[in-house]
Amino acid sequence: MQKQEARKIKLPKIVAVDFDGTLCKDAYPDIGDPLPYSLYYIKELAKDGVILILHTCRSGELLQAAVDWCAERGIVFDYINENVPFNIERYGGDTRKIYADIYVDTNAVNPRRSFGIGEFDENIGIFEYAGEIARRELCDVKCLCPDIRAAGKCCDCDVFLVYRQYHAAHIAAEAAKEKPPTSAAGGS
């Protein structure tokens, strides 16, 4: 009974965020110029109540400098290079890899995100449509990084990819609501 009740509790999403090259331009060990679109995105996630984890290779004074830099820009992390306690308990121990629902990192590659949502790209049309929405809303109107825009890569940045995924998930959810229910026996 206790396990069944635990499943009903909706836990907040966990977002692990890289620092160098993601929140600021990569200038390690120094801190590069801010990347406004990434800072904006992380602040929006924080408003939605996600658990934010700073997930970086920095340590010691360099880590503290990054934490302070983020705080000065209005981003306060719930955890720094550590797993959320309920996941440590849930999985019976801690691991070196930070568990998260979303990883925000400029070096991340996710084939499903890049080539479609769904196990077998069954929703590729939705994904392409979401890309057009994201391009119109982000790249054509709100692109905040002149370097990326000048390089002609506005629709290749991490924020675009995450924004496209966001729209694709919403489009897919709306499409699922519109499908007529089928009976368990397979009839109508």
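Side-chain atoms are counted along with the backbone in the values below, which use heavy atoms only and exclude waters and symmetry mates.
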[X] (side chain) donor-acceptor with [Y] (main chain) under 3.5 angstrom:
| X | Y | answer |
| --- | --- | --- |
| Thr56 | Asp18 | no |
| Asn83 | Lys97 | yes |
| Asp78 | Leu52 | yes |

Of all heavy-atom pairs between [X] and [Y], which one has the smallest distance, and what is that distance?
| X | Y | value |
| --- | --- | --- |
| Ile31 | Cys24 | CG2-SG, 3.9 Å |
| Pro29 | Arg58 | O-NH2, 3.3 Å |
| Pro34 | Pro36 | O-CD, 3.3 Å |
| Gly49 | Pro12 | O-CB, 3.6 Å |

Got a sec, which residues hit side chain to side chain donor-acceptor pair (under 3.5 Å) with [X], two or more places apart in sequence or on another chain?
| X | value |
| --- | --- |
| Asp101 | Tyr99 |
| Asp30 | none |
| Glu72 | none |

To the nearest 0.5 Å, what is the distance between CD1 (Ile88) and OG1 (Thr95)?
8.0 Å
Interatomic distance, NZ@Lys43 vs CZ@Arg73, rounded to 0.5 Å, equals 9.0 Å
Side chain to side chain contact (heavy atoms under 4.5 Å, CB included) evaluation trace for Tyr40 with Leu45:
CA-CA 9 Å; Tyr40 173 80; Leu45 287 173; over 6 Å; no
[X]-[Y] co-clustered via ILVMFWY side chain contacts under 4.5 Å:
| X | Y | answer |
| --- | --- | --- |
| Leu62 | Ile98 | no |
| Ile102 | Leu39 | yes |
| Tyr91 | Val84 | yes |
| Tyr79 | Phe86 | yes |

Show your working on side chain to side chain contact (heavy atoms under 4.5 Å, CB included) between Asn87 and Ile14 and close with a plain yes or no.
CA-CA 10 Å; Asn87 278 330; Ile14 300 170; 3.1 Å; yes
Test side chain to side chain contact (heavy atoms under 4.5 Å, CB included) on Leu63 and Ile80 and set out the steps.
CA-CA 9 Å; Leu63 175 60; Ile80 315 274; 3.7 Å; yes
If you count every heavy atom of other residues, nucleotides or ligands that lies below 6.0 Å from Glu89 atom CD, does the total exceed 12?
no
Can you name the one residue among Ile75, Val50, Thr22 that meets side-chain contact (heavy atoms from CB on, under 4.5 Å) with Ile42?
Ile75
Passes side chain to side chain contact (heavy atoms under 4.5 Å, CB included), Leu23 versus Leu35? Steps please.
CA-CA 5 Å; Leu23 296 178; Leu35 293 173; over 6 Å; no
Phe19: which of Tyr28, Phe77, Trp69 passes ring-ring contact (aromatic ring centres under 6.0 Å, His included)
Trp69
